[in-house]
Amino acid sequence: MTAKQRRMLKITVALLSAVPALVLGWRTGQGRLGPDPLGDLVRVTGRWALAFLILSLMPTALRILFGMRAGLVVRRILGLYAFGYALAHFVIYAGLGFRLRWDLLSETIRQSPFILAGLGALLLLLPLALTSTEGWVRRLGRNWRRLHRLVYVATLFAVWHFAWAFKELRALPLAVGLGVLFLLALRIPGVAERLRPRSEPIDEW
C-alpha cells in the first residue's frame, strides 16, 4: 500500500467513524430519539464506544488469521473514536442525567456497581488517547506498546459493563463477550505464533 493509499484509507475511516455521531446529533435536533431521549443517547453512545473498541482489535486479528495488513494503519483512529464515544457516553450520563451532581451519581454507583466497570474502561482509555500521537510514540519508545496494552483491559471492562447492564444473561452480551475473548486470545504468543507466518509485534492500537 502506498503512502497516498494509506492516507486515503485513514481519511475514509475517520469520516465513516464520525457518521454515528452525526446521525445521533441529527436525530436529537429533530426530536427523533423516542420516548426516553436521554436513555437513547446514553445507550447509543455506549454501544458505539464498545463497537469501536472491538473494531480497533480487528486489524491485528485479520493480519494473524488472513495476512491482511491494510487495516493496521487505522487501529489508532478506531481507538480514538472508541474513546470519543465513551467520553460522550459518560458526559451525557453524568452531565445531562445527573447535572454533575456527584453526590447523586455516587449513590447511583453504589446501587448499580456496573457503572464502575464502564468508568474503569474510560479511565484506562484516557492515557491511550492522550499518547496516541507520533510524538508520544517516539517519546515513550518501547514503553508506548506496553502502555497501550491497557486497551485489552479496557475492552474487558467495557464488555463487563455492557453485559452487566442487562441484569440477566442474554444472547447479545454473551456473543460480544465470546468474540472479544477470541480476539484477545489471538494475542497470546503461543496462539499467534501458530497462526501467523512470522513473529511480529502486535500489542498496540
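Hydrogens, waters and symmetry mates play no part in the numbers below; they use all other heavy atoms, side chains included.
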* **Separation between CH2 of Trp160 and CG of Leu116, rounded to the nearest 0.5 Å** => 8.0 Å
* Asked: Which heavy atom in His89 sits nearest to a heavy atom in Val42, and how many Å separate them?
  -> ND1-O, 2.7 Å
* To do: List the steps, then state whether side-chain contact (heavy atoms from CB on, under 4.5 Å) holds for Ile64 with Thr60.
  => CA-CA 6 Å; Ile64 293 171; Thr60 296; 3.9 Å; yes
* **From CE (Met58) to CG (Leu65), nearest 0.5 Å** => 8.5 Å
* Spacing of Arg145 atom CZ and Leu140 atom CG [to the nearest 0.5 Å] -> 12.5 Å
* Which pair of non-hydrogen atoms, one from Val73 and one from Arg6, has the smallest distance, and what is that distance? -> CG1-CD, 3.5 Å
* Of all the heavy-atom pairs spanning Leu147 and Pro127, show the shortest one and how long it is. => CD2-O, 4.3 Å
* **Nearest heavy atoms of Ala70 and Leu9, plus distance in Å** => O-CD2, 3.4 Å
* To do: Please lay out, stage by stage, how Leu181 and Leu156 fare under the test side-chain contact (heavy atoms from CB on, under 4.5 Å).
  => CA-CA 8 Å; Leu181 288 177; Leu156 290 174; 4.3 Å; yes
* Asked: Got a sec, which pairs hit salt bridge (charged side-chain N to carboxylate O under 4.0 Å, His left out) with one end in residues 125-140, sequence neighbours left out?
  -> Arg76-Glu134
* Taking a hydrophobic cluster as the set of Ile, Leu, Val, Met, Phe, Trp and Tyr residues connected by side-chain heavy atoms closer than 4.5 Å, whether directly or through intermediates, do Ile11 and Leu80 fall within one such cluster? -> no
* Under 30°, 30 to 60°, or over 60°: which ring-plane class applies to Trp48 and Phe52, parallel, tilted or perpendicular? -> tilted
* To do: To the nearest 0.5 Å, tell me how far Leu119 CG sits from Phe157 CZ.
  => 10.0 Å
* Applying the 4.5 Å side-chain criterion to the ILVMFWY set and letting contacts propagate, would Leu38 and Val23 be lumped into a single cluster? -> no
* Which pair of non-hydrogen atoms, one from Phe166 and one from Pro173, has the smallest distance, and what is that distance? -> CD1-CG, 3.8 Å
* **Backbone of Leu53 reached by a side-chain donor or acceptor of Ser56 within 3.5 Å** => yes
* Asked: Any link between Trp136 and Leu126 through a network of hydrophobic side chains (Ile, Leu, Val, Met, Phe, Trp, Tyr) touching at under 4.5 Å?
  -> yes
* Asked: At their closest point, which heavy atom of Leu78 faces which heavy atom of Ser17, and how far apart are they?
  -> CD2-OG, 4.1 Å
* May I ask you to list the residues sharing a hydrophobic cluster with Trp26, side-chain cutoff 4.5 Å, ordered by chain and number? => none
* Structure fact -> Distance col, row Leu124:CG vs Tyr152:OH, nearest 0.5 angstrom, shows 14.0 Å
* Any side-chain heavy atom of Tyr85 within less than 4.5 Å of one from Val44? -> no
* Asked: Quick one: do Phe83 and Leu16 end up in the same hydrophobic cluster if we chain Ile, Leu, Val, Met, Phe, Trp and Tyr together by side-chain heavy atoms under 4.5 Å apart?
  -> no
* Single-linkage hydrophobic cluster Leu130~Leu123, side-chain heavy atoms < 4.5 angstrom -> yes
* Going through the distances and angles, do Val13 and Tyr81 end up as a side-chain contact (heavy atoms from CB on, under 4.5 Å)? -> CA-CA 10 Å; Val13 170; Tyr81 269 98; over 6 Å; no
* Start with the C-alpha gap between Leu122 and His161, add the side-chain angles, then the distance that decides, and say whether side-chain contact (heavy atoms from CB on, under 4.5 Å) holds. => CA-CA 11 Å; Leu122 178 63; His161 173 70; over 6 Å; no
* Asked: If you measure from CD1 on Ile92 to OG1 on Thr28, what distance do you get to the nearest 0.5 Å?
  -> 7.5 Å
